[in-house]
Enquirer: 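Have a look at the structure that comes next, please.
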Amino acid sequence: DQLRGGGKGSSGPRIAVPSPDRPGGGGGGGGGGSGISSPAGPVGPAAAAAAETATTKTPTNKKKSLIEEVPLPTPKHTVAVQAKHASFPGLPAGRQVVVVRVVLDAVASIAEAAVDVSARGLSVQVPGKYGELRVEFPFAVDEEAAKAKFIKAKRVLSVSAPQTN
């Protein structure tokens, strides 16, 4: 190894530089791990490990995926409140019925859909065709008395539920 700088009369630092006949030998025989710098950069085992890590890092500018996720459309729907409904002929006066109509153009059979009615709302899921539809009712309904009908010709799901007492 040669030493550069810091000679007689010099106040500069002394830097170990590997000899051409001893690659990587700077910094105490090449195995000392002194981390001394050469004009070409750091030398020694610590520097070699750092260089290896630098070359194995993943790039920060990732390639754009060829597959783009497109959100599924939410089905169109309407919500209506009725004083009387054919599905509930004996409904006491003052109780109303909520009717939700959901257009499911991409559905051939209601078996493709999952419909859930709770006291406060409706959920319709059609995996792979539509995003989940959640409808909040304007009042609490009797979920046990709720009725659903799929009209194939129009591809419309109609859900009706009477107001609770």
Side-chain angles (χ1 to χ4, degrees), residues 18 23-24 26-27 30-31 33-165:
S34 64
I36 299 175
S37 296
S38 74
V43 294
E52 184 178 329
T53 302
T55 59
T56 59
K57 285 185 179 177
T58 56
T60 56
N61 56 346
K62 294 180 182 177
K63 287 185 177 181
K64 187 174 181 181
S65 174
L66 296 177
I67 299 173
E68 180 182 350
E69 288 188 33
V70 178
L72 295 173
T74 303
K76 294 179 182 177
H77 68 284
T78 60
V79 179
V81 175
Q82 300 175 353
K84 293 183 181 182
H85 193 273
S87 296
F88 307 101
L91 192 66
R95 288 182 56 197
Q96 299 176 317
V97 176
V98 64
V99 179
V100 180
R101 295 187 193 278
V102 183
V103 179
L104 299 171
D105 289 330
V107 175
S109 168
I110 196 60
E112 297 177 55
V115 180
D116 182 44
V117 178
S118 69
R120 297 301 302 165
L122 167 74
S123 170
V124 179
Q125 297 177 346
V126 184
K129 295 186 178 181
Y130 292 104
E132 182 180 11
L133 171 66
R134 289 182 172 266
V135 177
E136 187 173 321
F137 296 145
F139 46 78
V141 301
D142 181 356
E143 61 207 78
E144 297 297 321
K147 296 180 181 180
K149 181 178 181 181
F150 184 66
I151 305 161
K152 279 188 176 182
K154 295 181 180 181
R155 297 190 182 207
V156 172
L157 170 67
S158 178
V159 178
S160 56
Q163 184 176 17
T164 58
N165 294 338

Enquirer: Of all the heavy-atom pairs spanning Val107 and Phe150, show the shortest one and how long it is.
Expert: O-CZ, 3.7 Å
Enquirer: Would you compute the distance between atom CD of Glu136 and atom CG of Leu122 and round it to the nearest 0.5 angstrom?
Expert: 12.0 Å
Enquirer: Mind listing the closest non-hydrogen atom pair of Gly131 and Leu72 along with its distance?
Expert: N-CB, 3.4 Å
Enquirer: Quick check: does any side chain N or O of Ser118 sit under 3.5 Å from a backbone N or O of Gly121, one acting as donor and the other as acceptor?
Expert: yes
Enquirer: About how many Å separate OG1 of Thr164 and CD of Glu144, when rounded to the nearest 0.5 Å?
Expert: 12.5 Å
Enquirer: Quick check: closest heavy atoms across Tyr130 and Val103, and the distance to 0.1 Å?
Expert: OH-O, 4.2 Å
Enquirer: Find the distance between CZ (Arg101) and CG (Leu157) and round it off to the nearest 0.5 Å.
Expert: 10.0 Å
Enquirer: Of all the heavy-atom pairs spanning Gly94 and Gln163, show the shortest one and how long it is.
Expert: O-OE1, 3.8 Å
Enquirer: Looking at every heavy atom in both Arg95 and Pro162, which two are closest together, and how far apart are they?
Expert: NH2-CB, 4.1 Å
Enquirer: Near Arg155 CZ, under 6.0 Å, is it more than 12 heavy atoms from other residues, nucleotides or ligands?
Expert: yes
Enquirer: Compare all side-chain heavy atoms of Val97 with those of Ser87 and state whether any distance is below 4.5 angstrom.
Expert: no
Enquirer: Got more than 12 heavy atoms from elsewhere within 6.0 Å of CZ, Arg134?
Expert: no
Enquirer: Does any part of the side chain of Val102, heavy atoms only, come nearer than 4.5 Å to the side chain of Val159, both counted from C-beta?
Expert: no
Enquirer: Enter the distance from His85:NE2 to Lys147:NZ here, rounded to the nearest 0.5 Å.
Expert: 9.0 Å
Enquirer: Minimum heavy-atom separation for Ser160 and Phe88, please, with both atom names.
Expert: OG-CE1, 3.6 Å
Enquirer: Does the side chain of Leu91 come within less than 4.5 Å of Gln96's, by heavy atoms?
Expert: no
